[in-house]
Every structure is written in structure tokens, then in C-alpha cells.
Protein chains: 2
Amino acid sequence: MPQEKTKSLKIDDVSRQSGLTKRTIRFYEDLGLIPKPERSAGGTRRYRQEHVDVLRKISQMKVALGFTLEEMQRFMHLNDALYDYREDYKNLSDRKKKQDRLKEIVGVIDEQLQLVESKLEKIHKVKLELVAMRKRATIGMQKLKKSEGKI
Amino acid sequence: MPQEKTKSLKIDDVSRQSGLTKRTIRFYEDLGLIPKPERSAGGTRRYRQEHVDVLRKISQMKVALGFTLEEMQRFMHLNDALYDYREDYKNLSDRKKKQDRLKEIVGVIDEQLQLVESKLEKIHKVKLELVAMRKRATIGMQKLKKSEGKI
DNA sequence: CATAAATCTAACGTTTACGTTAAGGTTATT
DNA sequence: AATAACCTTAACGTAAACGTTAGATTTATG
């Protein structure tokens, strides 16, 4: 039976697969933006594919939403919060507390949703402007074409 | 007949109306992001409402699109390019040249449109993720509610 | 097992997008 | 016309987000 090791990745692999520099990857780890990877006996970081996925996501979101890393932290924590919540879901000891926690989480999610929606709107407006500009320009070209014969 | 002066604004007025600091306004002028305002005899900047509009737009777009100021310059130049084109539209001297110029402009617009659309997509994905998370969280709350009686 | 190639931490450097302060000139008000 | 309130340029300061370099391991390879 082959040892089913998920073949750990070195930081350079992660760098190439995520498009982020090694410095940035370590930096994000320091900030707590990504989970700390395992270490070899000698101290070398050993990543799993999961890390690449998270890094890709962070990178995309940062570019798309224009979030600062601090904002990204808040966002990333949402997933963790929900996951953590599930983790100790079975010990239903304090129902009231659990409910409050969930309400809190939903609150933060709604905040983020509003933010994202307002960004969508604004960008949509920008798109409309661009489309209008394009139209103006192409109309200009058509006018040129029409007057082509009569030189 | 009342002298129809469009009542020039001082930098502090522009600052309050645009939400940008005076420093930022001067900074953007240095970068060529906004047209240079007139100056009084003594050298004080005299703005018009138009300036406020442009500044507001820049501010919004910067936040929404996460553009750097350099990218904003490219974008802002599109408007100018189209306007300039119209300016000397009547002297149709070189039809070929005009057509090339317009093609160029449309090309840049299309670039920007692609960029904007890809941003819209990415943000939409983020939104979907948030919605999914919200659902997970609210389902959790319902489970709690259901198990409420049987303590 | 020697040596090259990659990794580690730590620290200082850089760029962007302004903030802040200084020193002096201009406008507005009394 | 004096004085406050605002404006000007110039220069240095700063926070965020990494880049770069150094010096010391560690890991991979012939």
C-alpha cells in the first residue's frame, strides 16, 4: 500500500502556484491571514494544496475588492468563525451563548455583503460610463466612414 | 445685467465639498489628475464646480475599483482624449489619422472595459460566497431554535 | 558526504499616497 | 492699515505592503 502522503509543498512551489512571492507568503502568515503550515524537523515550512487555494483567494479578493490586508483579515476570519462554531457544535451546553455567537457572525457577514454590493454598484456605474464613451467614439468613426467618398 | 461670474471656489471649499484634503487636491493637480485651476493675481487657486465633480468621481472610482493613482491617470485621460478629439473635429484634414486616433481610443476603452468586467465578476463571486456563508449560519440558528423546547 | 540549491530569521530599504510642519505671501475683516 | 484667517511652496514624516540583502541553517543531488 502506497503511503498516502499529500505530498507537502515547499514555499517556492506555493509561490509559483499562487503567484505571490515567498516574502509575501511568509508575511501573510505573520499577519495570521493564512494558517501556519507544518514544519519539517529542520524548520522548513511544509504546505498543503489548501494553502495555495487560500492564497489565491486572498490575492484575487485583494485585487478585486481593493481591501487592505486588515480588511482581508476580518473577512478571512468569518470562515474560521463559522468553522470554529461547527467544531464545538455538539456540546450544546449554552444555547443562548451559541445563538448570540451566530447572530454576531451573521451581522458581520451582512456588513460585508453591504460593502460588496455597494462596490458592485459603483463599478457598474463606471462600466456604464465606459460604454457611453465607447459609443461616442464609435459614432465618431461612423461619421468618418460616411464622409469617406466625398473628398 | 448682473455679472454672471460662476463664483470661484477656494481650495477649502473644494475640500469640504469633495471630502478630500487640501493636500490631496494639490497633489492630484501635480499628478495631472485634475485640470489646473485658474489663479488669482496673488497666486491663489480659484476652482469651479467642475473641479469638485471630477474630484468626487476620482475619489469614488479609486475606492470602488481599487485603482492606483497611476491607473486613474490612464482612465481620466480617456475622457480628455475624446474631448480633445472633438475639439479639432472640424478640420478634417487627415481622415486616416483621425480614424487611427479613434481606433486607438476605442482600444483603450475596451481594455478598461475588460478590466472592469473582470472586477465585476470577481466581486460577484465574493458576494456568492458571502451569501453561502450567511445561509450556513442561519441554518445553524434554525437548528438551535428547533431544539429549544427539549432541554 | 561534500557541495550546491533552497530555506530560515532579522533587519533595513522602497514605493505609494498622502500627512504635517515651516516660513512666508495673500485675502478678508475690523 | 493692522490683524486674523487662509493660501502658497518646499521639505520632511509616515503607514501599508511588501522588496532586498545578509548570514546562518537545511535539504537535495551528484
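Each chain gets a letter, A, B and so on, in the order its sequence line appears, and its residues count up from 1.
- Across the protein-nucleic acid pair, Arg26(B) atom CZ and dA11(D) atom P stand 16 Å apart, rounded to whole Å.
- With rounding to whole Å, Asp12(B) atom CG is found 13 Å from dA28(C) atom P.
- Under 4.0 Å is where a charged nitrogen must lie from a carboxylate oxygen, and between Arg45(A) and Glu29(A) at least one such pair does.
- With respect to Arg101(A) and Glu104(A), a salt bridge is recorded, a charged nitrogen being found less than 4.0 Å from a carboxylate O.
- We find that Lys57(A) and Asp53(A) are not joined by a salt bridge, their nearest charged nitrogen and carboxylate oxygen being 4.0 Å or further apart.
- Nearest-nucleotide mapping onto DNA chain C: of Gly43(A) and Gly42(B), the residue sitting toward the 5' end is Gly43(A).
- Using a 4.0 Å cut-off between a side-chain N of Lys or Arg and a carboxylate O of Asp or Glu, Arg26(A) and Asp30(A) do not qualify as a salt bridge.
- Nucleotide dT27(D) holds its C1' atom 13 Å from the CG atom of Asp13(A), rounded to whole Å.
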* Structure fact -> Quick tally for nucleotides 17-23 of chain D: nucleotides whose base has a protein heavy atom under 4.0 Å get B, sugar-phosphate-only ones S, the rest -, giving SBBB---

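- Side-chain contact between Val54(B) and Leu33(B) is absent, with no heavy atoms from C-beta onward closer than 4.5 Å.
- Residues passing the side chain to side chain donor-acceptor pair (under 3.5 Å) test with Gln60(B), sequence neighbours excluded: none.
- Between dT7(C) and Arg45(A), no contact under 4.0 Å exists linking OP1 or OP2 to a side-chain N or O.
- Rounded to whole Å, atom C1' of dT16(C) lies 12 Å from atom CD of Glu71(B).
- Rounded to an integer number of Å, the gap from CD1 of Ile11(B) to C1' of dT26(C) is 14 Å.
- When side chains are defined from C-beta on, Tyr28(A) counts as touching Ile58(A), because their heavy atoms get closer than 4.5 Å.
- Here dA16(D) presents its P atom at 11 Å from CD of Gln73(A), a figure rounded to the nearest Å.
- For the pair Glu29(B) CD and dA17(C) P, the interatomic distance rounds to 18 Å; values are reported in whole Å.
- Nearest to the side chain of Arg46(A), among dA28(D), dT8(D), dT26(C), sits dA28(D).
- Checked against dT7(C), dT26(D), dC8(C), the side chain of Ser40(A) finds its nearest nucleotide in dT26(D).
- Among the nucleotides dT27(C), dC7(D), dT7(C), the one closest to any side-chain atom of Lys10(B) is dC7(D).
- Here dA6(C) presents its C1' atom at 13 Å from OH of Tyr47(A), a figure rounded to the nearest Å.
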